[in-house]
Amino acid sequence: MAEKGRKFVMAFSIYLLAKQVLNIMLGESIFSLVLPAAISVFLYLNLWEYTNYAAAALITLVALRYLPDNLRGLPSTWLYLTEGILDIGVSAVLILSQDIRAYFNKSE
């Protein structure tokens, strides 16, 4: 279970970084890569039992922060809205997946 959770975490980390690189190519500042990189590093290092919950909260907060603007700007912001929906899905899996919880729970 924990190995499968580790694979999920790696896939989510790659998604967060790739998404932000795309956003940089679309005009975002290079500094916007800091938060996704930090989340990815902390998820990968697995230093704290509740890292998945903290990462899910940060990812969701960022998605919700931009949601009103993405909805107002439709249809030109459909890509950003899709990213936000995927981000919320990633957050849900980080919280609900037994495999991910097994990966972060060091006592198992």
Side-chain angles (χ1 to χ4, degrees):
M1 268 181 107
E3 181 61 26
K4 191 173 178 183
R6 186 183 72 76
K7 289 178 183 177
F8 274 126
V9 165
M10 290 300 297
F12 294 158
S13 296
I14 291 168
Y15 158 74
L16 289 172
L17 294 172
K19 175 185 79 131
Q20 203 55 43
V21 168
L22 173 64
N23 286 336
I24 290 170
M25 292 188 315
L26 293 173
E28 289 284 326
S29 165
I30 188 77
F31 295 109
S32 65
L33 191 59
V34 172
L35 184 60
I39 291 171
S40 297
V41 167
F42 282 109
L43 284 173
Y44 178 75
L45 292 177
N46 186 12
L47 297 175
W48 182 44
E49 182 177 349
Y50 302 107
T51 303
N52 58 320
Y53 297 109
L58 286 172
I59 292 167
T60 301
L61 286 173
V62 171
L64 291 176
R65 157 61 183 95
Y66 290 104
L67 181 63
D69 292 336
N70 292 337
L71 289 172
R72 258 191 307 268
L74 281 174
S76 64
T77 57
W78 69 268
L79 179 64
Y80 298 114
L81 184 60
T82 304
E83 286 178 5
I85 292 167
L86 287 172
D87 287 348
I88 292 172
V90 165
S91 297
V93 174
L94 280 171
I95 292 171
L96 300 174
S97 171
Q98 294 287 357
D99 296 326
I100 291 176
R101 279 192 259 162
Y103 173 65
F104 283 101
N105 190 348
K106 296 183 187 322
S107 64
E108 288 185 5

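For reference, positions follow the sequence shown, starting with 1. Scope of the values below: all heavy atoms of this structure, side chains included, with no hydrogens, waters or symmetry mates.
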Rounding to 0.5 Å, atoms CD (Gln20) and CG (Leu16) come to a distance of 9.0 Å
Minimal heavy-atom distance between Ser76 and Gly73, with the atoms involved, is OG-O, 2.8 Å
Output for pair (Thr51 OG1, Phe104 CZ), nearest 0.5 Å, gives 5.5 Å
Under a single-linkage definition using a 4.5 Å side-chain heavy-atom cutoff for Ile, Leu, Val, Met, Phe, Trp and Tyr, are Phe31 and Met25 assigned to the same hydrophobic cluster?
no
Salt bridge (charged side-chain N to carboxylate O under 4.0 Å, His left out) pairs touching residues 26-38, sequence neighbours excluded, are none
Check: Does Leu17 reach the side chain of Ile14, with side-chain heavy atoms less than 4.5 Å apart?
Finding: no
Here the pair of heavy atoms bringing Gly84 nearest to Ala63 is O-CB, 3.9 Å
I'd like to know if Leu79 and Leu33 are part of one continuous hydrophobic network [Ile/Leu/Val/Met/Phe/Trp/Tyr, side-chain heavy atoms within less than 4.5 Å]. no
Review point. Going through the distances and angles, do Ile59 and Phe12 end up as a side chain to side chain contact (heavy atoms under 4.5 Å, CB included)?
Key: CA-CA 11 Å; Ile59 292 167; Phe12 294 158; over 6 Å; no
Contacts satisfying ring-ring contact (aromatic ring centres under 6.0 Å, His included) that involve residues 50-84 (not counting sequence neighbours) are Trp48-Tyr50
Note to self: Within the structure provided, determine whether Val9 and Tyr44 are in side-chain contact (heavy-atom separation under 4.5 Å).
What the structure shows: no
Which atom pairs, donor and acceptor, lie under 3.5 Å between side-chain atoms of residues 85-96 and protein residues at least two apart or in another chain?
unit_1 : atom_1 : unit_2 : atom_2 : d
Asp87  : OD1    : Tyr15  : OH     : 2.7
Asp87  : OD1    : Lys19  : NZ     : 3.4
Asp87  : OD2    : Lys19  : NZ     : 2.7
Ser91  : OG     : Ala56  : O      : 3.2
Ser91  : OG     : Thr60  : OG1    : 2.9
Ser91  : OG     : Asp87  : O      : 3.1

Across all chains, not counting sequence neighbours, the side-chain contact (heavy atoms from CB on, under 4.5 Å) partners of Lys4 are Phe8, Asp99
Between the CZ atom in Arg6 and the OG atom in Ser13, the distance rounded to the nearest 0.5 Å is 11.0 Å
Applying side-chain contact (heavy atoms from CB on, under 4.5 Å) to Arg72 and not counting sequence neighbours gives Pro68, Asp69
Rounded to the nearest 0.5 Å, the CD atom of Glu83 sits from the CG atom of Asn23 at a distance of 4.0 Å
Nearest heavy-atom contact between Leu43 and Asn52 is CD2-CA, 4.1 Å
Those residues at least two apart in sequence (or on a different chain) that pass side-chain contact (heavy atoms from CB on, under 4.5 Å) with Leu58 are Leu35, Ile39
Would you kindly confirm whether Leu71 and Leu64 end up in one hydrophobic cluster when ILVMFWY residues are joined by side chain heavy atoms under 4.5 Å apart?
yes
Practice task
Would you kindly confirm whether Val34 and Val21 end up in one hydrophobic cluster when ILVMFWY residues are joined by side chain heavy atoms under 4.5 Å apart?
Solution key: no
